[in-house]
Engineer: 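Structure below; questions to follow.
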Amino acid sequence: MKVMTSEEAFDGRASVVALGMFDGVHVGHQRLIREAVRLARELDAQSVVCTFDRHPLSVICPARAPEPVLTLAENLAKFEALGADCALVTPFTPEFSQTPPEDYLRSLVEHLRVRAVVVGENYTFGRGGMGDAAMVRRLAGECGYLASVVEPVRDGEGMVSSTRIRAMLQNGELARAQALLAIRPEE
């Protein structure tokens with residue numbers, strides 16, 4: 001898997017991008033990345049997982065920044081295990097945090113020659129978290145890509161999330177957390 005730190009490093013003909021923080025690459029993230037990999041094969045493109053070098057809150061509001069579930073290197077290894085062709089790891093800086101969501105999305109579409117964008121139903125991005133799945137859908141026709149919005153994965157206790165997994169780890173519920181973080185066979 002090719003790891004890039006700038007959009008300009010992409011040298012593929014076309015891409016399908018999965019957008020997210022992907023901390024821990026839990027079963028919900030896995031579904032989203034697998035959808036991007038599947039669409040990329042279908043559309044004769046490369047799958048690119050777009051993430052950040054640190055949690056956005058570590059820049060926006062350091063006092064509220066959560067501890068990482070896994071290291072960036074561990075997350076990248078999981079992207080590769082799930083079949084991603086590339087990872088774009090954008091440095092999350094104070095300047096980058098001010099990027100309007102439309103600008104971020106349009107820049108990805110242009111530089112990565114995007115054919116499809118895959119996001120989670122509750123994903124937010126861009127300055128103030130103003131970008132969301134509805135925006136991804138709305139800009140699809142104008143920007144010429146297919147929008148794919150993936151529903152959250154739920155188990156018997158609710159929606160699987162990095163926040164919930166962090167709570168499990170803090171409470172010593174290692175086996176439960178590991179079950180949600182383990183790479184599972186495709187559904």
Engineer: Mind checking whether F92 and F52 have parallel, tilted or perpendicular rings, split at 30° and 60°?
Structural biologist: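 Plane angle over 60°, so perpendicular.
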Engineer: Distance from C86 atom SG to F10 atom CZ, nearest 0.5 Å?
Structural biologist: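 One gets 5.5 Å once the value is rounded to the nearest 0.5 Å.
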Engineer: Starting from the C-alpha separation in whole Å, work towards a yes-or-no answer on side chain to side chain contact (heavy atoms under 4.5 Å, CB included) for Q178 and L181.
Structural biologist: CA-CA 5 Å; Q178 288 296 1; L181 291 168; 4.3 Å; yes
Engineer: Using the side chain to side chain contact (heavy atoms under 4.5 Å, CB included) criterion, which residues pair with A167? Sequence neighbours excluded.
Structural biologist: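 Testing A167 for side chain to side chain contact (heavy atoms under 4.5 Å, CB included), a comparison that skips the adjacent residues, returns none.
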Engineer: Would you check if L19 and Y104 make a side-chain contact, meaning some heavy-atom pair closer than 4.5 Å?
Structural biologist: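 A side-chain contact under 4.5 Å exists here.
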Engineer: A side-chain contact here means heavy atoms from C-beta on lying under 4.5 Å apart; do L105 and C143 qualify?
Structural biologist: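 Counting from C-beta outward, L105 and C143 never come under 4.5 Å.
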Engineer: Just to verify, what does E42 make a side chain to side chain donor-acceptor pair (under 3.5 Å) with, not counting sequence neighbours?
Structural biologist: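 Partners of E42 by the side chain to side chain donor-acceptor pair (under 3.5 Å) criterion, ordered by chain and then number, come out as R38.
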Engineer: Using atom types as modelled, flag every donor-acceptor pair under 3.5 Å from a side chain in residues 132-140 to any protein atom, sequence neighbours excluded.
Structural biologist:
from	atom 1	to	atom 2	distance (Å)
D132	OD1	A134	N	3.2
D132	OD1	M135	N	2.9

Engineer: Side chains of V48 and M4, heavy atoms from C-beta outward: is any pair under 4.5 Å?
Structural biologist: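 A side-chain contact exists here, since the closest heavy-atom pair is under 4.5 Å.
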Engineer: Return the set of residues passing ring-ring contact (aromatic ring centres under 6.0 Å, His included) with F79 (not counting sequence neighbours), or none when no residue passes.
Structural biologist: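 If we apply the ring-ring contact (aromatic ring centres under 6.0 Å, His included) test to F79, skipping adjacent residues, the hits are F22.
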Engineer: Just jot down the ring-ring contact (aromatic ring centres under 6.0 Å, His included) partners of Y123, sequence neighbours excluded, or say none.
Structural biologist: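 Y123 satisfies ring-ring contact (aromatic ring centres under 6.0 Å, His included) with F125 only.
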Engineer: Test side chain to side chain contact (heavy atoms under 4.5 Å, CB included) on C50 and L112; report intermediate values, then the result.
Structural biologist: CA-CA 11 Å; C50 300; L112 303 180; 4.1 Å; yes
Engineer: Taking all non-hydrogen atoms of both residues, which atom of I183 and which atom of A81 are closest, and how far apart?
Structural biologist: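 Scanning both residues completely, I find the closest heavy atoms to be CD1-CB, 3.6 Å.
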Engineer: Provide the full list of salt bridge (charged side-chain N to carboxylate O under 4.0 Å, His left out) pairs with a residue in residues 7-18, sequence neighbours left out, each pair given once.
Structural biologist: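 Every pair satisfying salt bridge (charged side-chain N to carboxylate O under 4.0 Å, His left out) with a residue in residues 7-18: K2-D11, R13-D44.
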Engineer: Going by heavy atoms in the side chains, are V118 and V150 under 4.5 Å from each other?
Structural biologist: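 Sidechains of V150 and V118: in contact.
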Engineer: Report the C-alpha separation of Y145 and L108 in whole Å, then their side-chain angles, then the decisive distance to 0.1 Å, and conclude whether the side chain to side chain contact (heavy atoms under 4.5 Å, CB included) test is met.
Structural biologist: CA-CA 11 Å; Y145 61 80; L108 287 175; over 6 Å; no
Engineer: Could you list all the side chain to side chain donor-acceptor pair (under 3.5 Å) pairs where at least one residue sits in residues 47-58, not counting sequence neighbours?
Structural biologist: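 Listed by first then second residue: S47-D85.
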Engineer: Are the side chains of H111 and S6 in contact, using a 4.5 Å heavy-atom criterion?
Structural biologist: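 Answer no - side chains too far apart.
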Engineer: Compare all side-chain heavy atoms of L76 with those of V89 and state whether any distance is below 4.5 angstrom.
Structural biologist: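 They are in contact (side-chain heavy atoms under 4.5 Å apart), so the answer is yes.
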Engineer: With sequence neighbours left out, what residues match L169 under side chain to side chain contact (heavy atoms under 4.5 Å, CB included)?
Structural biologist: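 In terms of side chain to side chain contact (heavy atoms under 4.5 Å, CB included), with neighbours along the sequence ignored, L169 is linked to V69, I165, L174, A177.
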Engineer: Determine whether V25 and L70 make a side-chain contact, defined as any pair of heavy atoms from C-beta on separated by less than 4.5 Å.
Structural biologist: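 A side-chain contact is absent here, since even the closest heavy-atom pair is not under 4.5 Å.
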Engineer: Tell me, which pairs form a salt bridge (charged side-chain N to carboxylate O under 4.0 Å, His left out) where one or both residues lie in residues 89-118, sequence neighbours left out?
Structural biologist: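 For residues 89-118: R106-E142.
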Engineer: Could you give all pairs that pass the side chain to side chain donor-acceptor pair (under 3.5 Å) test and reach residues 71-83, with sequence neighbours left out?
Structural biologist: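 As it turns out, the side chain to side chain donor-acceptor pair (under 3.5 Å) pairs with a partner in residues 71-83, which skip direct neighbours, are T71-E74.
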Engineer: Can V37 be reached from V153 by stepping across I, L, V, M, F, W or Y side chains whose heavy atoms are under 4.5 Å apart?
Structural biologist: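 Unlinked, V153 and V37 end up in two clusters.
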Engineer: Going by side-chain heavy atoms closer than 4.5 Å, which hydrophobic residues are tied to M159, directly or by a chain of links?
Structural biologist: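 None, because no other hydrophobic side chain comes under 4.5 Å of this residue.
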Engineer: Could you tell me if the side chain of P66 sits less than 4.5 Å from the side chain of T163, heavy atoms only?
Structural biologist: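 No, every pair of side-chain atoms sits at 4.5 Å or beyond.
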Engineer: Apply the test side chain to side chain contact (heavy atoms under 4.5 Å, CB included) to residues H29 and H26: give CA-CA distance (whole Å), side-chain angles for both, the deciding distance (0.1 Å), then the verdict.
Structural biologist: CA-CA 5 Å; H29 296 148; H26 58 64; 3.2 Å; yes
Engineer: So how far is it from M21 CE to T124 OG1, rounded to the nearest 0.5 Å?
Structural biologist: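 The CE atom of M21 sits 12.5 Å away from the OG1 atom of T124.
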Engineer: May I have all residue pairs that pass side chain to side chain donor-acceptor pair (under 3.5 Å) and include part of residues 150-159, sequence neighbours excluded?
Structural biologist: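 The answer is D155-R164, E157-R176.
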